[in-house]
Amino acid sequence: MPFRKRQILEITLELDSGHRHVELFGAADSHLRLLRESLGIRISARGSSLVIAGEDSDVEKATLIIDKMQKHLSTHHRLTTEDVSGLISGGESRLEPKASGGINVYSQKKAISPFTLGQQKYVETMQANDLTFCTGPAGTGKTYLAVAVAVSMLKRKQIRRLVLARPAVEAGEKLGFLPGDLQAKVNPYLRPLFDALEDMMDFSQMRKFLDLDVIEIIPLAFMRGRTLNESVIICDEAQNTSPLQMLMVLTRLGQGSKMIITGDITQIDLGPGQRSGMVKAIKILRRIKGIGVVELSESDIVRHRLVQNIVTAYGKNAESGNNSRQAKPG
């Protein structure tokens, strides 16, 4: 195998004059430190310039990431550590921020935009189809982007109701031992949906919509027997539905409605021998016109930079365990 000689490169990168360099560099230069640790480069600030040194490929990658950081800050007027981590971990799969590409929700505090190519495909699929299935690991924005698209449609009066549902996979005796009434018992299962909504409208607006049943956040079983017209129905954690439950959910779709089914099919919490209704539904329905299927991957994870590493490590560990069980003793 031919030996590739390491090429050490040092460049001086002139920053855009209009940018707020303190926010670009992060508190106590935390964003620069993250670049330094992640890419194995040397990077230092000199006024409105950055001096970057290291292997040529790493320096080139750092230059591209810094350019995207500047564009993100210019578009969204803020740059968090999570934003920088996402740009570093995503490489070429990350999108250039677009001022016109945001999802318009009630909150004026932040712009909600797809951050990766996979997420952009997901948003476009939801907008183009009446029924969308989305699978992917934790942190890929499956639930968050679905809620954002639904809230945007509610704001534009394209729908009259938003219904968010989740299966309570431990709705047997474990749930019974929790204190309080039924709402208190199921609230832990529904909390992630509340969290997404709270990011997109102020609490008083959300409370008003909940009181008027414009927004419903319910356990899956509460959907039985209903036909939901002019609504967006989101079924979250759908990998934990049975085939009968999934069929029940799918047949709630009424006139002028959209349905979004999300889940991580690598994390199925059903009992031994039980089949996932989501897996079966995707297999049966994916070729029907008007139904979209999106499969997000580890490269679409946009939470803390460690989440992607954790998901990858667990995946490798599972593969290793499978290989060990398949190997025959010598």
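Note that this is a predicted model, so its numbers are computed, not measured.
- For the pair Met259 and Val249, the minimum side-chain heavy-atom distance is below 4.5 Å.
- To the nearest 0.5 Å, atom NZ of residue Lys61 and atom CG of residue Leu87 are 10.5 Å apart.
- The cluster map of Ile, Leu, Val, Met, Phe, Trp and Tyr, joined by side-chain heavy atoms under 4.5 Å apart, puts Leu247 and Ile291 in different clusters.
- Closest non-hydrogen pair, Thr132 versus Thr125, comes out as OG1-O, 3.5 Å.
- The minimum heavy-atom distance linking Ser276 with Ala238 is given by the pair OG-O, 4.3 Å.
- Within 6.0 Å of CD in Glu60 there are 12 or fewer heavy atoms belonging to other residues, nucleotides or ligands.
- Not a single donor-acceptor pair under 3.5 Å links the side chain of Ser38 to the backbone N or O of Leu35.
- Note that CG of Leu13 is 5.5 Å distant from CD1 of Ile66, once rounded to the nearest 0.5 Å.
- Minimum heavy-atom separation, Ala45 to Leu32: CB-CD1, 4.4 Å.
- Side-chain contact between Leu34 and Ser85: present, with at least one pair of heavy atoms (C-beta onward) separated by less than 4.5 Å.
- Within a 6.0 Å radius of CZ in Arg156, more than 12 heavy atoms belonging to other residues, nucleotides or ligands are found.
- At least one donor-acceptor pair closer than 3.5 Å links the side chain of Lys142 to the backbone N or O of Pro137.
- Under the 4.5 Å side-chain criterion, counting only non-hydrogen atoms from C-beta, Met223 is in contact with Leu228.
- At distances below 3.5 Å, not a single donor-acceptor pair connects side-chain atoms of Ser242 with backbone N or O atoms of Gly277.
- Side-chain atoms of Asn129 do not come within 3.5 Å of backbone N or O of Leu131 as any donor-acceptor pair.
- Remark: the backbone N or O of Gln255 is paired with a side-chain donor or acceptor of Asn229 at under 3.5 angstrom.
- If you take CZ on Phe194 and CE on Met206, they are separated by 6.5 Å, rounding to the nearest 0.5 Å.
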| message | Could you go through Met126 and Glu124, starting from their C-alpha distance and side-chain angles, then the distance that decides it, and tell me whether this counts as side-chain contact (heavy atoms from CB on, under 4.5 Å)? | response | CA-CA 5 Å; Met126 286 188 285; Glu124 291 172 350; over 6 Å; no

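- The heavy-atom pair separating Ile41 from Arg36 by the smallest distance is O-CG, 2.9 Å.
- The CD atom of Gln127 lies 9.0 Å from the CE atom of Met153; values are rounded to the nearest 0.5 Å.
- Interatomic distance, Ile112 CD1 to Met200 CE, rounded to the nearest 0.5 Å: 4.0 Å.
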Report task. Show your working on side-chain contact (heavy atoms from CB on, under 4.5 Å) between Ile268 and Gln274 and close with a plain yes or no. Result -> CA-CA 10 Å; Ile268 297 173; Gln274 290 184 278; over 6 Å; no

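- Contact record, Ala53 with Val59: C-CG2, 3.8 Å, taken as the closest heavy-atom pair.
- Taken to the nearest 0.5 Å, the CD atom of Glu295 stands 9.0 Å off from the SG atom of Cys134.
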Does the pair Ile261 and Met246 meet the rule for a side-chain contact (heavy atoms from CB on, under 4.5 Å), with working shown? CA-CA 9 Å; Ile261 311 290; Met246 178 53 62; 3.8 Å; yes

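- When atom types are taken as modelled, the side chain of Gln239 and the backbone of Gln267 share a donor-acceptor pair closer than 3.5 angstrom.
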- Begin with the C-alpha distance, continue with both residues' side-chain angles, and end with the deciding distance and a verdict on side-chain contact (heavy atoms from CB on, under 4.5 Å) for Ile103 and Leu145. CA-CA 9 Å; Ile103 301 171; Leu145 287 173; 4.2 Å; yes

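- Note on Val84: it does not cluster hydrophobically with Val22, by side-chain heavy-atom contacts below 4.5 Å among ILVMFWY residues.
- By the neighbour-count criterion of 12 heavy atoms within 6.0 Å, atom CG of Leu244 is sparsely surrounded, having that number or fewer from other residues, nucleotides or ligands.
- Listed for the Lys121 side chain is no donor-acceptor partner under 3.5 Å among the backbone atoms of Leu296.
- Summarising the geometry of Arg275 relative to Leu270, their closest heavy-atom pair is O-CD1, 3.5 Å, with the distance given to 0.1 Å.
- Residues Leu162 and Phe209 fail the side-chain proximity criterion, which asks for heavy atoms closer than 4.5 Å.
- Annotation: side chain of Leu15 is in contact with side chain of Phe25 (closest heavy-atom distance under 4.5 Å).
- Not a single donor-acceptor pair under 3.5 Å links the side chain of Asp130 to the backbone N or O of Gly290.
- At a threshold of 4.5 Å between non-hydrogen side-chain atoms, the residues Ile260 and Tyr122 count as touching.
- Residues Ile233 and Arg252 fail the side-chain proximity criterion, which asks for heavy atoms closer than 4.5 Å.
- Side chain to side chain, Thr262 and Asp236 meet the donor-acceptor criterion of an N or O pair below 3.5 Å.
- The list of side-chain hydrogen bond (donor to acceptor under 3.5 Å, both in side chains) pairs with a residue in residues 23-34, not counting sequence neighbours, reads Arg20-Glu23.
- Judged by distance alone, with hydrogens and angles left aside, the side-chain atoms of Gln119 form a donor-acceptor pair with the main-chain N or O of Thr140 at under 3.5 Å.
- Residues Ile159 and Ser257 have side chains not in contact (no heavy-atom distance under 4.5 Å, counting atoms from C-beta outward).
- Contacts classified as salt bridge (charged side-chain N to carboxylate O under 4.0 Å, His left out) and involving residues 204-218 (residues at least two apart or in different chains) are given here: Arg161-Glu216, Arg207-Asp211, Glu216-Arg226.
- Under the 4.5 Å side-chain contact rule for hydrophobic residues, Met69 and Val51 do not share a cluster.
- Of the candidates Val232, Leu193, Ile218, Leu164 forms a side chain to side chain contact (heavy atoms under 4.5 Å, CB included) with just one, namely Leu193.
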*asked:* Quick one, Asp199 with Tyr144, criterion side-chain hydrogen bond (donor to acceptor under 3.5 Å, both in side chains). Give me CA distance, side-chain angles, the key distance, then yes/no.
replied: CA-CA 9 Å; Asp199 231 17; Tyr144 192 82; 2.7 Å; yes

